[in-house]
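First up is the structure itself, then whatever we jot down about it.
Both backbone and side-chain heavy atoms feed into the values below; hydrogens, waters and symmetry mates do not.
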Amino acid sequence: MTLDTESVETLFISDLHMGTPDCQASRLISVLERINPSRIYLVGDIFDLIAMRRRAVLTPAQQQLISMLIERARTDCDMIYIPGNHDAAFRRLCGSEIFNIRIEQECFFTMKDGRKMLIAHGDEFDEQMHEAVAPWLHQLGSRMLNGLRVINRWITQTRERFNLPYWSLSAALKRHSERTKRYINVFETAAIERARTERTQGYMGGHIHLPSLREYNGYLYANCGDWVEHCTALVEMKDGQFHMVDYELTVLATAPFYEGNNAGSATPSRAHAVYESN
């Protein structure tokens with residue numbers, strides 16, 4: 001199903017990693033050219049300041065994307081930026097505004113069906129995630145992923161040359177990795193527990209580059225994904241529908257619309273699809 005581009009009210013994106021050659025800026029630009037949301041949430045790792053210390057790569061497309069976001073914020077779009085671990089330096093600016101973009105550590109979002117969502121990047125669960133995998137295995141996996149992203153660049157360029165659709169090798173391999181599955185389980189469990197502790201009806205984040213839209217006993221877990229491997233985003237429509245979409249604005253999943261706002265007891269009013277990248 002293709003998204004009704006005229007009806008997008010809120011856009012949620014995370015993990016762009018601008019400043020690196022892996023950022024798929026041109027694909028996000030094409031999305032922003034087709035929709036005009038009244039609110040945009042930037043859910044962390046918009047810039048990769050860690051990688052930029054070694055080598056900063058701001059391509060023309062990334063520069064255009066930055067200009068586009070600033071222009072939207074200055075005109076008719078309410079924009080909230082929640083820094084992640086790769087752009088954590090901006091956390092010292094939380095509570096302030098730059099170019100009309102509000103910077104927050106985390107925030108709450110009330111969906112049109114009344115459910116209250118906690119929005120945070122997700123790196124607050126890093127300690128729990130690292131405990132799930134041996135340190136040496138975590139380091140090995142990180143190095144292998146970095147190598148795969150280099151291969152991804154070549155694959156992307158080659159497929160574009162032959163007018164083939166976007167495809168990510170690293171994303172495909174992640175879906176079959178047992179280590180990744182353990183990470184997902186720990187992260188999602190921690191996210192839902194955080195939502196329960198904060199007395200919200202769900203958690204929305206990014207960080208792990210694994211898009212997902214699913215429920216746990218009435219709590220909604222929504223992960224934006226990323227614009228390095230998966231090129232996905234979350235959107236809320238004017239009629240309250242909540243979707244996960246890809247870079248072509250194809251609807252990958254739709255969350256249930258609830259009558260009432262008490263997690264675990266509210267009644268869904270329409271059927272829904274669930275998306276799990278794994």
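- Under a 3.5 Å cut-off, the side chain of Arg115 and the backbone N or O of Thr110 do not form any donor-acceptor pair.
- Within the 4.5 Å cutoff, the side chain of His86 has no heavy atoms near those of the Leu49 side chain.
- Taking the ring centre of Tyr247 as origin, the terminal cationic atom of Arg27 falls inside the region bounded by 6.0 Å and 45° from the ring axis.
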Could you walk me through whether His17 and Asp226 pass the side-chain hydrogen bond (donor to acceptor under 3.5 Å, both in side chains) check? CA-CA 9 Å; His17 289 269; Asp226 62 273; over 6 Å; no
side-chain contact (heavy atoms from CB on, under 4.5 Å) for Met18 and Leu65? Distances and angles first, verdict last. CA-CA 9 Å; Met18 285 194 286; Leu65 177 56; 3.8 Å; yes
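- Without hydrogens or angle criteria, Trp227 side chain to Thr232 main chain gives a donor-acceptor distance under 3.5 Å.
- When side chains are defined from C-beta on, Leu234 counts as touching Met204, because their heavy atoms get closer than 4.5 Å.
- Glu124 places a side-chain N or O within donor-acceptor distance of the main-chain N or O of Gly122, the cut-off being under 3.5 Å.
- Listed by first then second residue, pairs satisfying salt bridge (Lys or Arg N to Asp or Glu O under 4.0 Å) with a partner in residues 53-78 read Asp78-Arg102, not counting sequence neighbours.
- When side chains are defined from C-beta on, Ile13 does not count as touching Val43, because their heavy atoms never get closer than 4.5 Å.
- Sorted by first and then second residue, the salt bridge (Lys or Arg N to Asp or Glu O under 4.0 Å) pairs involving residues 40-50 (not counting sequence neighbours) form an empty list.
- Heavy atoms from other residues, nucleotides or ligands lying under 6.0 Å from CZ of Phe99 number 12 at most.
- A donor-acceptor pair under 3.5 Å links the side-chain atoms of Thr200 to the main chain of Ala195, judged by distance alone.
- Using a 4.5 Å cut-off on side-chain heavy atoms (C-beta onward), Ile80 and Glu104 make contact.
- Under 4.0 Å is where a charged nitrogen must lie from a carboxylate oxygen, and between Glu198 and Lys116 no such pair does.
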Please determine whether side-chain hydrogen bond (donor to acceptor under 3.5 Å, both in side chains) holds for the pair Asp15 and His209, giving the CA-CA distance in whole Å, both sets of side-chain angles, and the decisive distance to 0.1 Å. CA-CA 7 Å; Asp15 296 271; His209 293 211; 3.2 Å; yes
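- In this structure the side chain of Thr250 never reaches within 4.5 angstrom of the side chain of Met1, judged on heavy atoms.
- Counting heavy atoms from C-beta on, the side chains of Ile46 and Phe90 never come closer than 4.5 Å.
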Apply side-chain hydrogen bond (donor to acceptor under 3.5 Å, both in side chains) to residues Tyr221 and Asn223 and explain how you reach the verdict. CA-CA 7 Å; Tyr221 169 74; Asn223 194 298; 3.0 Å; yes
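- Side-chain contact check for Leu3 versus Val235: some heavy-atom pair is nearer than 4.5 Å.
- In this structure, CG in Leu93 is found 11.5 Å from CD in Gln105, a value given to the nearest 0.5 Å.
- Follow the hydrophobic side-chain contacts under 4.5 Å out from Ile50 and you never reach Val228; the two are in separate clusters.
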Assess whether side-chain hydrogen bond (donor to acceptor under 3.5 Å, both in side chains) is satisfied between His121 and Asn85, documenting all intermediate values. CA-CA 8 Å; His121 178 61; Asn85 55 309; 3.2 Å; yes
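- Of the possible polar contacts, one joining the Ser14 side chain to the Gly225 backbone as a donor-acceptor pair under 3.5 Å is found.
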Please determine whether side-chain contact (heavy atoms from CB on, under 4.5 Å) holds for the pair Glu236 and Gln241, giving the CA-CA distance in whole Å, both sets of side-chain angles, and the decisive distance to 0.1 Å. CA-CA 6 Å; Glu236 187 178 53; Gln241 291 191 77; over 6 Å; no
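- With Gln201 contributing its side chain and Leu220 its backbone, the two residues share no donor-acceptor pair below 3.5 Å.
- Clustering ILVMFWY residues whenever any of their side-chain heavy atoms sit less than 4.5 angstrom apart, transitively, puts Val57 in a cluster other than the one holding Leu28.
- In this view, Ala56 and Met52 satisfy the side chain to side chain contact (heavy atoms under 4.5 Å, CB included) rule, not counting sequence neighbours.
- Although no hydrogens or angles enter the test, the distance criterion places a donor-acceptor pair under 3.5 Å between the side chain of Gln63 and the main chain of Leu58.
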Test Val8 against Leu249 for side-chain contact (heavy atoms from CB on, under 4.5 Å), laying out the working first. CA-CA 11 Å; Val8 176; Leu249 293 178; over 6 Å; no
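- Atom CG in Asn217 sits 9.0 Å away from atom CD1 in Ile192 (nearest 0.5 Å).
- Under the 6.0 Å cut-off for aromatic ring centres, Tyr216 and Tyr203 do not qualify, their centroids lying 6.0 Å or more apart.
- With contacts defined as side-chain heavy-atom distances shorter than 4.5 Å, the pair Glu9/Pro37 does not qualify.
- At a threshold of 4.0 Å, the pair Arg194-Glu106 counts as salt-bridged, since one of the basic side-chain nitrogens sits closer than that to a carboxylate oxygen.
- Note that the CD1 atom of Ile40 and the OH atom of Tyr81 stand 14.0 Å from one another [nearest 0.5 Å].
- For Thr10, the side-chain hydrogen bond (donor to acceptor under 3.5 Å, both in side chains) partners at least two apart in sequence or on another chain are Arg39.
- With sequence neighbours excluded, the residues that form a side chain to side chain contact (heavy atoms under 4.5 Å, CB included) with Asp4 are Glu6, Ser7, Met237.
- Among pairs with a residue in residues 28-68, those fulfilling ring-ring contact (aromatic ring centres under 6.0 Å, His included) read Phe12-Tyr41, Tyr41-Phe109, at least two apart in sequence or across chains.
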